[in-house]
Every structure is written in structure tokens, then in C-alpha cells.
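First comes the structure, then the notes that go with it.
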Protein chains: 2
Amino acid sequence: MGTTQLESVPEPKYWHLKTVLGEALDSEFTVGEILPNERDLAARFGVARATLRQALEQLELEGRLQRRRGVGTTVAPPRMGVEVGPAQNAWPGETDDWQPADCVQTAPPAAVAKLLGCGTQEPVHAVRRSRVSGGQPVAAELLYVPAASVPELSAIETPGGPARARAVLRELGRLGLEGEDRAVELGSARADDAKQLDRLPGAPVLLVTTRYFAQGRTAAVSVATYRADTCRLTFGDSGDVQIDHGQERRAS
Amino acid sequence: MGTTQLESVPEPKYWHLKTVLGEALDSEFTVGEILPNERDLAARFGVARATLRQALEQLELEGRLQRRRGVGTTVAPPRMGVEVGPAQNAWPGETDDWQPADCVQTAPPAAVAKLLGCGTQEPVHAVRRSRVSGGQPVAAELLYVPAASVPELSAIETPGGPARARAVLRELGRLGLEGEDRAVELGSARADDAKQLDRLPGAPVLLVTTRYFAQGRTAAVSVATYRADTCRLTFGDSGDVQIDHGQERRAS
DNA sequence: TAGTGGTCTAGACCACCCT
DNA sequence: GGGTGGTCTAGACCACTAC
């Protein structure tokens, strides 16, 4: 018979489909090229559209495809490396491509309050910023700065816009930065972050939580939301190395 | 009428469902508790099972739920912090909970060869290891070590099992480590990694690629696959801090 | 207006775990 | 064997984009 031994291990259809499509992307498509639409592709492979979509979702998760409603599915460029590590200890955005958006005074979320070592009642400055790299937004950040960290600012009555955000960052920069630590985990984009990142709500993101230490305490906490589909976070100087794809392939 | 203004922004059902379920998890469930099955839950909320599953998938992605086929859906504990950062420069596993599995001599994948600065023809030792934390597997790793990095080993004719893996690591440890850098990105588990991690193929994982520098060149490259649902990768000493949930909630 | 991806439904069957 | 989550189908309608 024409059957191989592999028939005895019924691989899910969408998984096989993902493999086939992935290989086709390598060999028959170029970056930016648009794929046939989902209905055509599903028909071509003889599966339901939902099954095809499961395969496309995987490929999108791995950063190989980009899908946009009303437009189509395109072949994604390799992920860009964005430096998030403490190559040198520095307050965020001092030498970087962060753009302050606005700043409000608010009560911190419980998790942030715990990191700051303060209660949820103590008001903090919440600076919202965007990080742009390669011409497109890659991250949305909320930087929580306790009022105690920037005492000079309290008296100033500036509006809550970008001007105030810059003022907070300027005051923060006057403190001697003693250290920082970071954590990275998977999350899904909240509605507001998704908008900033030009993605749909729920899109997979990498959450980078950073604590900044100064004057013997936690002087600020940053929660940055990076697009997981387009970004590879680098710690150290590996950002300049090109990776072929997010997913390694096993040598045969 | 009983309609609110929010009706004008038709939030997807699964998104609303995710929010409702998430709040229920906070207030009415304890860690480890098992939820009603998907068919019951779908009926209770008046949606199709597929729609409910979309919500559950999001919550699982955020590390709030754990689903196991044949068993059920349980409330997940907060993600554990696993240290991956260079708290101090050290060869991997010197002070850690890594467990060598086996070691084969093979040709490196193209992406790894590029990082090593060698061709895909030059054979390398591929050491496979598992990392266990809190009693469960959290990472599967492939450590690629060019034969040139461990010259003493070449002559030894040990079998390809754990003994050989330990031998490679021992030889590697004799080199003076000059530095390392890391990259983190989102991926999906290959079949073999998924098995090691006790997950289904395609499960979301955090890929940590590390380059180890010694003797003026890249002496080894590690590709580690961390479970994204249960792990929060920490860089520095933030591992001991408890985070309530992977996803921050906005202060109202 | 036409075409795309995003959401949703109501079923069916399968693989796996436990008893 | 009975119950669970995982896969798959064949439709339908919606939201968005571009022309």
C-alpha cells in the first residue's frame, strides 16, 4: 500500500499543515508577499477554514506570518532584536527611542504597589510611553514613579500631557541609579495597549517588568508590553545578530 | 432601556467571557480547584463550546488556568520565577537544577551555526538537558558545543548518554567564561520539547538563546525552551517577588 | 461594493485519563 | 466505560480595508 508507518501516529491536521506551510514560506515566498486568502487556502488543502486558521495562528505566533483584517496575510520579516537588557545601567529611554505620551497621577495596581513597596493608596505618577523601532511601534510602557521619588515635581502644576511625562523623567534622571532587575513573561494585550501596538486585543505580548533602584529603595517600576510577533528581546549585545526564524529547526 | 453605552462597542463575546471568568477566578476559586467542564460552562454562559474555549485559551496563555486532556481545567498557581539572567557569569547549570539527558554529535542547525560562527558542516556536541523547578519540568535545552571548544574530549569514546553529556559540560567548565548574552522570544513547542515539558506540541514557549564567550570566541550556544504558561523569566534578583498575575490590571 | 480576516454556531468524533 | 479536553467540520455573519 502507499501508506507509510507515520499513519500510525495521527498527527493533527493543523500541525501537519503548519509544517507544510512553513516549508513553503521558506522556499516559495519572499518577505512581504501576500498569501492566498484563507478560504482559497483551506480549499486547496482540503480542510475546513477553522483548521487552516489554526495552522496560520501558529505561524503567526512564531513570527512568520502577519495577518491584518480587511487586507490579507503576508509573510513577516525576521523578528527584530530590541535591546531591553542593562547593557549599562541607565534610566529607561535616556539613550533610546522611547516617546512619552502622557502622564497621570493615580493609585498603582496592587502588583505594582507590591514591587514598589508602597500601598495602593499612595499616589504615583504613571507615565505612558511608546517605543518605536524600525518605523513601527514595538512596545507600550507604563512607568510608575512614586511621588516620593520625584519630590521636586509635586509642587509643579503642569498639565497631564507629554510635557508632564518629560518632567517626571527629567526629575527621575537626577537620581543616581543603583541597579535594576527584570522579569519577562507571556501575556495578552489589553485593549489600550493593543491599540498603541496596532494589534487586536488579546494579541500575544511579552511583558517586561523592570524595577529601578535608587537611594536604597525601588524608585520606579516599569511594565512594558512588547509585541511578541515582531520582537526578539535581547539582553547584552546579541541584538545585531540575525536569526533566521523564531523557531529553530532540528538538523535532520 | 436597560442597555448601556457600551453596546455601541461590540466587544467580542469571548473577550467579555474571559474578563468575567478572570474575575470569577480571583474571587470564587482557589488554586488547584477544578472548574466545571467546557460543555457545562458553555451552556451556563449561553455560548458555543468553541467560543468558551477561546476564552479559556486566553486565560491559559496568561498562566491563570491549566488544562489537561482527560482530566479537566484547574486554577493555576501564580507563575514561578525562574532565574535565567547573568546574576553572575557562570556556565549553565554550575549551581543549578539542570539535569543532563543525553549528548549526540551532529551538524548544527543553520541558525545555531551562524551564532557559533562556524559552518553547518562542522560537527558539534549537542547536549540535551532538562530544568526542573518546584517539582515540575520548566525547560528543555539544547546546548551546542563545537568540538573545538572541548578538544580534550574528542579522543574519548564514551557512549552518547548522560555520562557523555556530563563529560562535555565538565570540559566546558574548564574554559574561562568571558561573557554571555541572551535573547528571548515567543515560540511554540516542537514535538520533542513538548514531551519533555509535559505539554502538547505547539504549546506557547519562551525561547531563550544564549551565547557563551570564551577564549575570544563563541564557545557554546544554548537554546532553551521554557514553558510560557508556568514560568516568569527573571534577570537579576527579582525572582523572589511574588506577582499576583501575569497580566496587570489597570487601576480604575 | 467587494474582498479580507475575525467571530460564532451546533454539531461530530478522537485521544487521553481515571476508576 | 464514562468523562475530560483536543480536533474538525460546514456553514453564517460581522468588522475592517481598499477601491
Side-chain angles (χ1 to χ4, degrees), chain A residues 7-19 21 33-61 64-76 188-189 191 194-195 198-204 229, chain B residues 6-19 21 32-61 64-76 188-189 191 194-195 198-204 229:
Chain A
E7 297 291 338
S8 60
V9 183
E11 201 176 36
K13 273 189 189 178
Y14 79 91
W15 185 259
H16 182 240
L17 206 49
K18 177 204 138 183
T19 306
L21 283 169
E33 196 171 349
I34 97 171
L35 269 63
N37 71 54
E38 296 183 351
R39 290 162 181 86
D40 284 353
L41 275 179
R44 184 174 313 187
F45 287 102
V47 299
R49 190 179 157 217
T51 304
L52 175 83
R53 278 179 61 81
Q54 230 178 322
L56 295 183
E57 267 149 35
Q58 286 260 344
L59 290 167
E60 192 178 29
L61 198 75
R64 315 220 18 209
L65 289 180
Q66 184 156 357
R67 299 192 286 174
R68 274 178 304 170
R69 171 156 51 179
V71 179
T73 302
T74 58
V75 180
S188 54
K195 200 165 192 177
D198 194 25
R199 298 289 305 169
L200 289 177
D229 55 344
Chain B
L6 292 179
E7 298 291 338
S8 58
V9 183
E11 201 177 38
K13 274 190 189 177
Y14 78 91
W15 186 259
H16 182 241
L17 207 48
K18 177 203 140 187
T19 306
L21 283 169
E33 197 171 348
I34 96 172
L35 270 61
N37 72 52
E38 296 182 349
R39 290 162 180 87
D40 284 354
L41 274 179
R44 186 176 310 189
F45 287 103
V47 299
R49 190 179 157 217
T51 304
L52 175 83
R53 278 178 60 81
Q54 227 176 325
L56 294 184
E57 267 150 35
Q58 286 262 341
L59 290 168
E60 193 178 28
L61 197 77
R64 315 222 15 209
L65 289 181
Q66 184 157 359
R67 298 192 286 172
R68 274 177 302 170
R69 170 157 51 179
V71 180
T73 302
T74 58
V75 180
S188 54
K195 201 165 190 177
D198 192 25
R199 297 289 303 168
L200 290 177
D229 55 343

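Just so it is clear, the structure is predicted and the values come from calculations on it, not from any experiment. In what follows, every chain begins at residue 1, and chains take the letters A, B, ... in the order their sequences are listed.
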task = Remember a base hit wins even if backbone is also touched, and classify A/L56 as base, sugar-phosphate or nothing at under 4.0 Å, heavy atoms.
result = nothing
query = Quick one: B/L65 CG to D/dG6 C1', roughly how many Å, whole number?
reply = 16 Å
note = B/S/- along nucleotides 9-19 of chain C (protein heavy atoms under 4.0 Å) is B--BB-BBB--
message = Any base atoms under 4.0 Å from A/R53, or only sugar-phosphate, or nothing? Heavy atoms, all strands.
response = base
note = side chain to side chain contact (heavy atoms under 4.5 Å, CB included) filter on A/R39, not counting sequence neighbours, yields A/N37, A/R49
task = Decide side-chain contact (heavy atoms from CB on, under 4.5 Å) for B/L52 and B/L21; before the verdict, give the C-alpha distance in whole Å, the side-chain angles of both, and the deciding distance to 0.1 Å.
result = CA-CA 10 Å; B/L52 175 83; B/L21 283 169; 4.2 Å; yes
key: Nearest-Å distance for atom pair CD/C1', residues B/Q54 and C/dG6   = 8 Å
query = Can you name the nearest heavy-atom pair linking A/Y14 to A/A55, along with the distance?
reply = O-CB, 3.5 Å
query = CH2 of A/W15 versus P of D/dT7: gap in Å, rounded?
reply = 10 Å
query = Rounded to the Å, how far apart are B/F45 CZ and C/dT7 P?
reply = 19 Å
task = To the nearest Å, give me how far apart CG (B/L41) and C1' (D/dG6) are.
result = 16 Å
key: Whole-Å gap separating C1' (D/dC14) and CD (B/E11)   = 16 Å
task = Could I get the full list of side chain to side chain donor-acceptor pair (under 3.5 Å) partners for B/R67, not counting sequence neighbours?
result = B/E38, B/E60
task = Find the distance A/Q66:CD to C/dG5:C1' and express it as a whole number of Å.
result = 13 Å
query = Between A/E38 (CD) and D/dC8 (C1'), how many Å, whole number?
reply = 16 Å
message = Please determine whether a side-chain nitrogen or oxygen atom of A/N37 lies at a distance below 4.0 Å from atom OP1 or OP2 of C/dG3.
response = no
